[in-house]
Each structure stands twice: as structure tokens, then as C-alpha cells.
Amino acid sequence: MTTILKFGGTSVATADVIERVCRIVRGTPHPVVVVSATAGTTNALIGAARAAAGGDVVAVETIMARLTASHDDLLRRAAGKDDGEATRALEDLAQRTKALLRSVAILRECSARSQDAIVSYGELASSEIVAAALRSRGIAAQAVPATRIVVTDDAFGGAAPAFEETYARARTELSPIVGRGQVPVVTGFIGATREGVTTTLGRGASDYTAAILAAGLGADECLIYTDVSGVMSADPRMVEGARPIPRLSYAEAAELSYFGAKVLHPRAVLPAIEAGIPVRILNTFAADDPGTTITARAEADGSIVKATTSLGGLGLLTVQGSGMSGIPGFAAKVFDTTAAEGISVLMISQASSETSICLVVPADTAERLKAALERMLAKELAHHDVERVLVERPIAVVAAVGEGMRGTPGVAARVFGALGRGGVNVIAIAQGSSERNISFCVSEADQAKAVRAIHAEFGSSRPVPSAPPPASASSVR
Ligand code: ASP
Ligand code: MG
């Protein structure tokens, strides 16, 4: 049995934090480590690829000189004494990446395929550094490029893994290493086609790699180490009493991320969840904190609203008019227009009177959508079936999320009662039939006030949840 330990970019960025990583690895039985590129590296490499495509050789050299120097320096600081294996690997990687960038500069174009090869430098380098750091502390460790494990299609920049093949390879590549008592340090984010061409799984996809390996190896747990102590009950910049949520169901995590909670992209951890493997969000910088455990289903813990999340920078479009009522296909027209403009809708609300349809879209697309809708509805507007298309912005969507809301009467009353007492004017309301989420729009000026009002209403009244069992690594400081 194994435990997946995934460390994000900030968790591998300095020698001090790599020291923490090593202690966590040491405290975990049979770990398989997955790493991201050091913070900022992927962006820098994309910058280098763009500069190369534009023929700006000087910029490419500057970026690469800075990146390679910082990686060499990090290796020296994190691994202490000279690690020949990692030093040579970093040198080869730097040479190869510079050669790739030179070809891009000659061709003056950077395909997604070339870019994937270039950005793979980030994870390949950090896996070498972390493996060397572990070895320097007497922990047998080996960098393993995921190009040997994660088999993907050739959709460069966002390749889709072939799960069964990948799972089989995870077992044949990694189990023997773990069996020998060694720690594999696998690159997140990257994979390869069946022909062996390097691909990437999309930005931020190291979590995905971790979840895929967890599923393939049938791991006990998938621990995602980041720089915050889990998913918070509200944005701590808005709410002083915000705290990490001990347990979330997958569905709750998905609802939360949709409206702005940024800790992880839940879809990325789905392979682990589907395999029944709990995913825990933990803090490398505070490894004793219990973090957030995400499982397929949540146990009832007496809470009603677990988290309040919000997203600003939005616009509300209202199509208004009494002639719309009872006309089949009217909503379809509105949404077809929105789709044709390539605008994604964050929230929809229509009252049963059918005299208005509200949709929430990114604020900077609202005027364009209004114009498109006015063109599409020109006839209805001329006949006064549609009175007008209104735009309000900037607005925010606030969502109260929790499995405990389901089937609990009076939740909406408490939500809106709290808002009323807080003096927050609600512009539109939506509740999905999942009943895990009540969402509403307020003017952006009221966003923080609304989040605070709901958090206070449910946060203070709910029983203090008992702490989950400590992570296998939580005894490590
Ligand atoms: N290094 C990659 C990125 O920045 C993957 C990751 O960090 O998860 O997108
Ligand atoms: Mg990252």
C-alpha cells in the first residue's frame, strides 16, 4: 500500500521548504512523491517559448540563464553536497531546452507540441532536485519522468490520459521502486503519447497526475500539499473567522471551486475519488494542520452551510418583457445567442412569471452580449414582447454551499434573513435542485458584506467539528 504525496510549486521553491518536504516524506510509509515545477517556472518557460517564436533571442537567453541558475542554486542548497546524478540531469535538461528554444527561434513559430517539450523542463528539473534532496538525507530516492507512465493522446497543451494503460504502467514502473524501499519522485503535469512525444495535461495539472497515480496504484490516500491549510469556509481576506473545512464531499468541493475557491480543481482529483481514495489538502508550511479531506460522499456532521464563496467581476443581464411568457423556445434563443458569442454563463434565474430571464456573465462580456441579444430579439423588441435588455455591473455571485442544506427546511430563510439584517440587497436568486448550493447576486460593493453575513449566520451556530484522524505525515514538523 502506498500514499501519494503531491507537492505544488511553492512547496518545492526554496531549500527551506524542500527540507519540510523531506521530513514529510520521511514520516510517510511507502510514499510516492509527485512534484510541480518550482513556483513561476512554467510561466517563465512559456514566456521563453513566446519570445523564441517572436525571434527575441536575447529575451530567451535571459530567461534561461535565470532559470538554470536558480535551479542549480536550489539543487546545491537543497541537497547540500554535490549530487552528480542530479547535476548532470539538470545540465542535460538545460541543454535540451535551449536547443528546443533555438529551433523555435529559427522557425519563428512555437507549436503546442514544441511548447509542451519546453515547459516539461520545469517538472523534470524539480523532480531531480527533490530526489537529490532526499538522497542527501539518506532517503533512497529516484526521479521518475511521468513520460514513462502517463500515456496520453496528442492534444498538446491539454492532453487526455489513457487511463487503463497509464494505471498499468504506474504499477510496472513504480511498484518495484517502492518495493525496494525507494521513493519515486514523479513529475506532475507531463505525459507522453504512445510514440513517446512529450505532452502536458493542462495548467495546474500536477494534482491530476497525483490522482491518476493514486488510482493506478490503489493508494491509501492522495495527499495534496500546498501553501494553505485546506479549503476555507470563506475567503480569509473577507472573513476574519474563516477556517479550514475538515471534510468535504466531492460534490461540495466542486460547487465551491465553481465560484472562486481556488485551492484545487476538483475535476483534477476525480480519478482518486472514483477509486474510493480520500484526497487531503494539506499545508507544507504547517504540516500538523488537519487540512481538508475530500471523499466521494460526506458524512453528516451536523453542519448546514459549510462554506460561503463568492466571485466578483460579473455582469447581470436581464431580458424583460411580458410578451415572453409562454412562448416555447424563447429561453433557447437567449442561450443560443450567448453560446454563439462564446460567453459562459455562471448563473441563471427565471421567475415562474416568465417575464424576465436573468443571466450572469463575466462583466467584460456583458455589453457585447446585450448588443447580440438586441440584434437577435429585434422583432420581439419592436413588438414589445420584450421590453428591454438590461445590464447591471459590476455584480458578484455569492454561494452558500453544504450537503447539510439538502432537505433541511428553513435554510433559505436563514440565508436571506441574515442578508436582510446585514443590509444587503439581493438582485437575483438561484438554487440548483441538488440543494447543495444557494446562489444569489449582489452588487459587487456588497460582496464581502454578504459573505460575512452568511458565514456568521451558519459558521457561529454550527457545532465545532471533531478533528479528523491525523494525516500520516502530521506527526512531522
Ligand atoms: N507546473 C504546471 C503549471 O504551472 C503544473 C502545476 O503546477 O500543477 O501549470
Ligand atoms: Mg502549480
Side-chain angles (χ1 to χ4, degrees), residues 4-14 17-18 21 32-50 63-64 66-68 70-71 74 90 93-94 97 100-101 110 112-131 143-147 149-150 152 155-161 166 185-192 198-215 222-228 231 253 257 261-272 279-285 294:
I4 307 293
L5 302 175
K6 184 263 168 174
F7 297 97
T10 53
S11 296
V12 292
T14 66
V17 66
I18 292 177
V21 166
V32 170
V33 174
V34 176
V35 291
S36 293
T38 61
T41 296
T42 306
N43 286 340
L45 289 161
I46 292 172
R50 294 222 174 104
I63 296 170
M64 285 311 290
R66 190 171 54 72
L67 272 185
T68 52
S70 76
H71 281 84
L74 183 59
L90 286 192
L93 268 171
T97 307
L100 283 166
L101 286 162
C110 187
R113 173 175 168 152
S114 306
Q115 182 168 308
D116 278 359
I118 291 164
V119 298
S120 71
Y121 168 92
E123 272 71 12
L124 290 167
S126 64
S127 69
E128 293 290 350
I129 293 169
V130 170
V144 180
T147 45
I149 302 171
V150 180
T152 72
F156 296 99
T166 299
V185 182
V186 186
T187 56
F189 180 52
I190 66 174
T198 300
T199 55
T200 62
L201 309 178
R203 291 308 305 271
S206 294
D207 292 345
Y208 196 28
T209 308
I212 290 169
L213 296 185
C222 180
L223 310 186
I224 308 276
Y225 278 91
T226 175
D227 50 15
V228 291
V231 181
S257 75
K262 274 189 207 71
V263 177
L264 98 163
H265 204 304
R267 235 179 316 146
V269 300
L270 193 54
V279 174
R280 304 185 62 182
I281 314 297
L282 294 162
N283 189 348
T284 310
F285 298 86
I294 303 170

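Each ligand, and each atom within it, is numbered from 1 in the order the structure gives. Because only heavy atoms are used, hydrogens play no part in the values below, and waters and symmetry mates are left out as well, while side chains stay in.
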Undergrad: Within the structure provided, determine whether T10 and V17 are in side-chain contact (heavy-atom separation under 4.5 Å).
TA: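 T10 vs V17: side chains apart.
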Undergrad: Do any N/O atoms on F189 end up under 3.5 angstrom from N/O atoms on ligand 1?
TA: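 No, no N or O pair falls under 3.5 Å.
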Undergrad: Indicate the atoms forming the closest heavy-atom contact of T187 with S127, along with that distance.
TA: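 Answer, listing the atom of T187 first, then S127: CG2-OG, 3.5 Å.
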Undergrad: Looking only at side chains, do D116 and T200 share a donor and an acceptor under 3.5 Å apart?
TA: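 Yes - a donor-acceptor pair under 3.5 Å links their side chains.
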Undergrad: What atoms of ligand 1 come within less than 4.0 Å of a heavy atom belonging to S36?
TA: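 Heavy-atom distances to S36 below 4.0 Å select 6 (C), 7 (O), 8 (O).
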Undergrad: Does G9 have a non-hydrogen atom less than 4.0 Å from ligand 1?
TA: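 Flag not set, G9 not near ligand 1.
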Undergrad: Is any side-chain heavy atom of V35 less than 4.5 Å from a side-chain heavy atom of V21?
TA: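 With C-beta onward as the side chain, the pair stays apart.
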Undergrad: Taking distance alone, with N or O pairs closer than 3.5 Å, would you say S206 contacts ligand 1?
TA: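 Looking only at distances, the answer is yes, because the N/O contact criterion of under 3.5 Å is met.
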Undergrad: Does ligand 1 have an atom that lies less than 4.0 angstrom from a heavy atom of G204?
TA: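 Per 4.0 Å heavy-atom rule, G204 contacts ligand 1.
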Undergrad: Please determine which of T38, D227, T284, T226 meets the side chain to side chain donor-acceptor pair (under 3.5 Å) test together with S11.
TA: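 The single option meeting the side chain to side chain donor-acceptor pair (under 3.5 Å) with S11 is T284.
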Undergrad: If you count the atoms of ligand 1 from 1 in the order shown, which ones are under 4.0 Å from a heavy atom of T42?
TA: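 Result: 1 (N), 2 (C), 3 (C), 4 (O).
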Undergrad: Between the main-chain N or O of G191 and the side-chain N or O of T199, is there a donor-acceptor pair closer than 3.5 Å?
TA: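 Yes, T199 side chain to G191 backbone: donor-acceptor pair under 3.5 Å.
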Undergrad: Using heavy-atom distances only, which candidate in R203, E123, H265 approaches atom 5 (C) of ligand 1 most closely?
TA: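 The nearest heavy atom belongs to E123.
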